[in-house]
Amino acid sequence: MAQQSSEPVGLAAQHWLGTVWMPALRVCGYVLMTGALAMLLGGVLLLGPLWLRVVTGIAMFLAIAVLVYVGGRAQGQRDQAHGELMACRVAEGAEPSRQELATCYHPLKGLTAAAIGALPWFVAAVMLAVLAKPYTYQLQDLPTWLDYYRTRADIGDALAYYLVKPGWGVLDTVRVITRTALMPLANIATSLGNQAVYWLEKLSPLLVLTLPAAYAAGYLRGPALQRRIQAYHQQAKQKQLRRVARKQKKERDKFQRENGPGSLN
């Protein structure tokens, strides 16, 4: 079994890099799915007491991580099964194409796909962690009854200061990108207060790697899943052979009882 596991890795050693782009896009899709689900279920995540919102948000994020892990493991199992098939063809003297060899399992495929898929979110999260500052009071709109006083020379300039609003900047852009990947956790932090939001942004470079790391871990477990599937098929085959043998034995015993001990000769 160890030899079977190493053969696909050797076959893909020089060709696997060109096949990581689709898995990388799949990892990006998982991250976008997290934000989409959180927005669709945002109302539900904000219902109930604080402890329930915290538990629901964490459970949702972990459930998505498990789903990503299962997807990575399934991809690793398919690549391992394909690699074992290619190893059999090579042993028989065939020459698989470059694309067929590139599809074989290689542990760096899962790691590289996860790294590429995480790159946009990780870069944005690093920028957010560097630029983030503790939240402070922001100037609000003035009530309409103060419009008259804005025309007075003695206090008009002071009141006009309240109408100055900062434009959309780099920090706002990277915050939106990062929160897309951490939407369930961002909802929790918002419920807990400004300090929690600040620490979420500071820790975001580590948190955005959760889903890509789950995919990579699942992919690395692909060969183990393939061995389990092979063992299951082998056990099912042995059960079927034993069942056929018992049936044949019963038929022979019945025939001997009906026709005598020497009838089989």
Side-chain angles (χ1 to χ4, degrees), residues 20 23-76 110-138 166-221:
V20 301
L25 290 176
R26 194 174 297 117
V27 172
C28 282
Y30 285 130
V31 177
L32 291 174
M33 179 186 68
T34 303
L37 286 177
M39 285 187 289
L40 290 175
L41 302 176
V44 177
L45 296 176
L46 297 177
L47 294 177
L50 178 60
W51 69 266
L52 181 59
R53 298 199 298 270
V54 172
V55 171
T56 304
I58 293 176
M60 179 180 179
F61 190 74
L62 292 179
I64 295 174
V66 171
L67 176 64
V68 175
Y69 173 85
V70 172
R73 188 177 65 165
Q75 183 62 49
L111 297 173
T112 305
I116 295 175
L119 187 60
W121 320 103
F122 182 72
V123 171
V126 170
M127 294 178 64
L128 178 60
V130 172
L131 298 174
K133 297 179 180 179
Y135 282 75
T136 56
Y137 174 77
Q138 300 291 329
W168 187 273
V170 175
L171 180 60
D172 302 292
T173 302
V174 296
R175 179 175 286 129
V176 169
I177 296 173
T178 304
R179 289 195 179 186
T180 302
L182 302 174
M183 189 68 74
L185 301 182
N187 290 338
I188 296 174
T190 302
S191 300
L192 293 176
N194 291 339
Q195 194 67 17
V197 174
Y198 170 72
W199 281 109
L200 175 71
E201 294 179 349
K202 283 296 185 183
L203 297 175
S204 58
L206 294 178
L207 295 175
V208 296
L209 296 178
T210 303
L211 298 184
Y215 180 88
Y219 187 87
L220 294 177
R221 294 296 298 170

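Heavy atoms only: backbone and side chains are in, while hydrogens, waters and symmetry mates are out. All values reported here derive from a predicted model rather than from experimental measurement.
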- Message: To the closest 0.5 Å, what do you measure between CG (Leu111) and CG (Leu220)?
- Response: 5.0 Å
- Search all heavy atoms of Leu171 against all heavy atoms of Val174 and return the closest pair with its distance. O-CG2, 3.3 Å
- Message: Return the OH to CZ distance between Tyr69 and Arg221, rounded to the nearest 0.5 Å.
- Response: 5.5 Å
- Could I get the full list of side-chain contact (heavy atoms from CB on, under 4.5 Å) partners for Ala115, not counting sequence neighbours? none
- Query: With sequence neighbours left out, what residues match Tyr219 under ring pair (Phe, Tyr, Trp, His ring centres under 6.0 Å)?
  - Reply: Tyr105
- Side-chain heavy-atom pair Trp121, Thr180 within 4.5 angstrom cut-off: yes
- Task: For Ile116, check side-chain contact (heavy atoms from CB on, under 4.5 Å) against everything at least two apart and list the hits.
- Result: Val20, Trp21, Ala24, Thr112
- Shortest non-hydrogen separation from Ala65 to Leu211 and the atoms involved: CA-CD2, 3.6 Å
- Query: For the residue pair Phe122 and Val208, what are the closest heavy atoms and their distance?
  - Reply: CA-CG2, 4.0 Å
- Message: So which atom in Leu209 and which in Pro205 form the shortest heavy-atom distance, rounded to 0.1 Å?
- Response: CG-O, 3.4 Å
- Task: Can you run down the salt bridge (Lys or Arg N to Asp or Glu O under 4.0 Å) pairs that involve residues 56-68, sequence neighbours left out, and say none if there aren't any?
- Result: none
- Query: Does anything in residues 193-216 pair up under ring-ring contact (aromatic ring centres under 6.0 Å, His included), and if so which pairs, sequence neighbours excluded?
  - Reply: none
- Message: A side-chain contact here means heavy atoms from C-beta on lying under 4.5 Å apart; do Asn187 and Arg53 qualify?
- Response: no
- Task: Write down the atom of Ala113, the atom of Pro23, and the distance for their closest heavy-atom approach.
- Result: CB-CB, 3.6 Å
Identify every side-chain donor-acceptor pair in residues 25-38 under 3.5 Å, counting partners at least two apart or on other chains, and give the distances.
from  : atom 1 : to    : atom 2 : distance (Å)
Thr34 : OG1    : Tyr30 : O      : 3.0

- For residues 118-128, pull every pair meeting salt bridge (Lys or Arg N to Asp or Glu O under 4.0 Å), keeping only residues two or more places apart or in separate chains. none
- side-chain contact (heavy atoms from CB on, under 4.5 Å) partners for Ala196, two or more places apart: Ala189, Leu192
- Pairwise distance CG(Asp172) to CD1(Ile177) - rounded to 0.5 angstrom: 11.0 Å
- Partners passing salt bridge (charged side-chain N to carboxylate O under 4.0 Å, His left out) against Arg73 (at least two apart in sequence or in another chain): none
- Note on the structure: Residues passing the side-chain contact (heavy atoms from CB on, under 4.5 Å) test with Leu62, sequence neighbours excluded, are Ile58
- Nearest-0.5 Å distance that lies between atom OG1 in Thr178 and atom CG in Leu128: 4.5 Å
- Residues pairing under side-chain hydrogen bond (donor to acceptor under 3.5 Å, both in side chains) where one sits in residues 200-213, two or more places apart or in two chains, turn out to be Tyr135-Glu201, Arg175-Glu201, Arg179-Glu201
- Do Leu50 and Val54 pass the side-chain contact (heavy atoms from CB on, under 4.5 Å) test, and can you show the C-alpha distance, the side-chain angles, and the key distance before you say yes or no? CA-CA 6 Å; Leu50 178 60; Val54 172; 4.2 Å; yes
